[in-house]
Each structure stands twice: as structure tokens, then as C-alpha cells.
Amino acid sequence: LSNMIGGALQVAGLLVGGIGMIGTFAVTGMPQWRVSAFIENNIIVFETIWEGLWMHCIRQANIRMQCKVYDSVLALSPDLQASRGLMCAGSVLSFLAFTIAVTGMKCTRCMQSSWQAKGYVILMAGILFILSGVVELIPVCWVANTIISDFYNPMVNIAQKRELGEALYLGWVAAFCLVAAGAIFCCFCCCCEETRSYGYSAATHGPTHSQHLHSKTESSYSKSQYV
């Protein structure tokens, strides 16, 4: 039963972690981090502006979208500049965690007796998943906070105000999936440790109990002979 629960936890963690990893890759490349806000009458409603980490796009009515890569990193706001590095780090960490998790599942099949090795591999994958989720959550929340602050700031020009883009919402979901996958793998590691401890205690106390019964049987047999 414990093996079935452990296998289910591994599969669930791998699926959730894979979704979070793919979502992290998508958020890093999506241009919809900051989108134009249609407020009051000064905004041209037939023009939509998207601002991402690597490019900005303009979509007008009856004209297909035009995207352009930023000429320089200095053209970005400080929050987007920092988000570049953090999202790249989160992508690398999530991919590394997913790779280690797959390796840990293979080790589970090829090393049935090595509970300690399985626990270390799965625990490392879980920690990396949680770390990648936290690293991704920082830039997403930072950019969202900047957008909201500028939106309600009367000193900011109306044409420069932005709204939360789809990439931010997807980033929150991906970060949650990564943290959830890390928690699942850490729970699996705890289950492995408990199973290993139970097996060790059973192996230690089992022979002692049998020896006690054997000695008790021998003593009763010797008494019957004397009688």
C-alpha cells in the first residue's frame, strides 16, 4: 500500500511540476506582461500595446500585430529588467528540478532497496521545485505591484498607465504548480523515510521476539522432560 501511495505521489508531483515548468517557459517568452489600459477618453481604443520582457507589440484595428525586440536592456523599466534574470533563473531551476525528478523515478525502479538514495534524489527535486516557484513569484508580483501603483498614481500620464497582462496570471498559476510539486515530492520523501524506519525497526525487533519465543519453548520442553 505504501508503494502505491508513493508511486501516486511521484506521478502527481511530476505532472504538476511539468505543468509549472511549461508555464514558466511560456511566461518568460510572452509579451503580455503589461497591456495598455483603456481609461477615459484620451486612449486610442483601436490600438493595443503589449510590453514583455523581450519585446513590445502593437496591434491596431484592421492591421496585424507588429512586434519589435527591445533595442537595449536600458529601454526597460527596472522591474522588467530584474524580471528578465529572475525568470531565466526560474526556468533553469524548474527544468533542473523536473530532470532530477524523472531521474528519481527511474532510481525508484532500479534501486528498490536503496531508500536513502531515493529519498535524497526526490528531496532535491522537491526543494528545487519550491525554489523555482519562489523565484518566479518574485518578478510576477513585483511587476503587478508596479502596474497597480502606477495605475492609481495621479502623477503618471494616462497614456503610460498599464493593466495586468495574461502573462502575470499565468505566472501565478505556474508558480503555484511548482511549489505544489515541490511539496508533493517532499511528502514522498517523508513517506520513504517513515517506511525505511518502520522496516528497520521491524527487522531489528522481529528476530528478538522470535528468539524470545524459541527460548520460552525450549524452557517449557525441558521442564516437561524433567517431569
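Keep in mind that what you see is a predicted model, and the values were worked out from it rather than measured.
The CG atom of Asn145 lies 11.5 Å from the CG atom of Leu168; values are rounded to the nearest 0.5 Å. Atom CD in Glu51 sits 9.5 Å away from atom CD1 in Ile58 (nearest 0.5 Å). Expressed to the nearest 0.5 Å, how far CD of Glu163 lies from CD1 of Ile148 amounts to 10.5 Å. For the atom pair CZ (Phe151) and NZ (Lys161), the distance works out to 6.5 Å, reported to the nearest 0.5 Å. In this structure, OG on Ser132 lies 9.5 Å from CG on Leu96, to the nearest 0.5 angstrom. Atoms CG and CZ, from Leu123 and Phe185 in turn, are 11.5 Å apart once rounded to the nearest 0.5 Å.
Leu178 is connected to Leu15 through a chain of hydrophobic side-chain contacts under 4.5 Å among Ile, Leu, Val, Met, Phe, Trp and Tyr, so both are in one cluster. By the rule that hydrophobic residues join a cluster once side-chain heavy atoms approach within less than 4.5 Å of another member, Phe98 and Ile19 end up as members of separate clusters. Hydrophobic clustering (ILVMFWY, side-chain heavy atoms < 4.5 Å, transitive): Leu128 and Val92 are in distinct clusters. There is a path of hydrophobic side-chain contacts, each under 4.5 Å, that joins Val11 to Ile122. By the rule that hydrophobic residues join a cluster once side-chain heavy atoms approach within less than 4.5 Å of another member, Val173 and Met30 end up as members of separate clusters.
Inter-residue side-chain proximity for Trp33 and Val27 is flagged as met; some heavy-atom pair is nearer than 4.5 Å. Using a 4.5 Å heavy-atom cutoff, the side chains of Glu136 and Met87 are in contact. Cys186 places a side-chain heavy atom less than 4.5 Å from the side chain of Ile130. Counting heavy atoms from C-beta outward, Phe129 and Cys177 have side chains that stay 4.5 Å or more apart. At a threshold of 4.5 Å between non-hydrogen side-chain atoms, the residues Arg34 and Asp79 count as touching.
Shown here are the side-chain contact (heavy atoms from CB on, under 4.5 Å) partners of Val135, two or more places apart in sequence or in another chain: Leu86, Ala89, Leu93, Leu131. Contacts of Tyr70 classified as ring-ring contact (aromatic ring centres under 6.0 Å, His included), with partners at least two apart in sequence or in another chain: His56. Ala180 is linked by a side-chain contact (heavy atoms from CB on, under 4.5 Å) to Val16, counting only residues two or more places apart in sequence or in another chain.
Taking the six-membered ring where tryptophan is involved, the planes of Phe95 and Phe25 are tilted, since the angle between them lies from 30° to 60°.
Side-chain contact check for Thr24 and Ser94: no donor-acceptor pair (N or O, by modelled atom type) lies under 3.5 Å.
Of the possible donor and acceptor atoms, none in the side chain of Trp142 sits under 3.5 Å from a partner among the backbone N and O of Leu80. Here the side chain of Trp50 pairs no donor or acceptor atom with the backbone of Met55 at under 3.5 angstrom. Judged by distance alone, the side chain of Arg162 and the main-chain N or O of Ile147 form no donor-acceptor pair under 3.5 Å. Listed for the Gln81 side chain is a donor-acceptor partner under 3.5 Å among the backbone atoms of Leu76. Ser149 places no side-chain N or O within 3.5 Å of a backbone atom of Thr146 that could act as its donor or acceptor partner.
Between Gly13 and Ala181, the shortest heavy-atom distance links the atoms O-CB, 3.5 Å. Residue Gly133 comes nearest to Val179 through the heavy atom pair CA-CG2, 4.0 Å, listed as atom of the first residue, atom of the second, then distance. Contact detail for Thr28 and Trp54: the closest heavy-atom pair is O-NE1, 2.8 Å.
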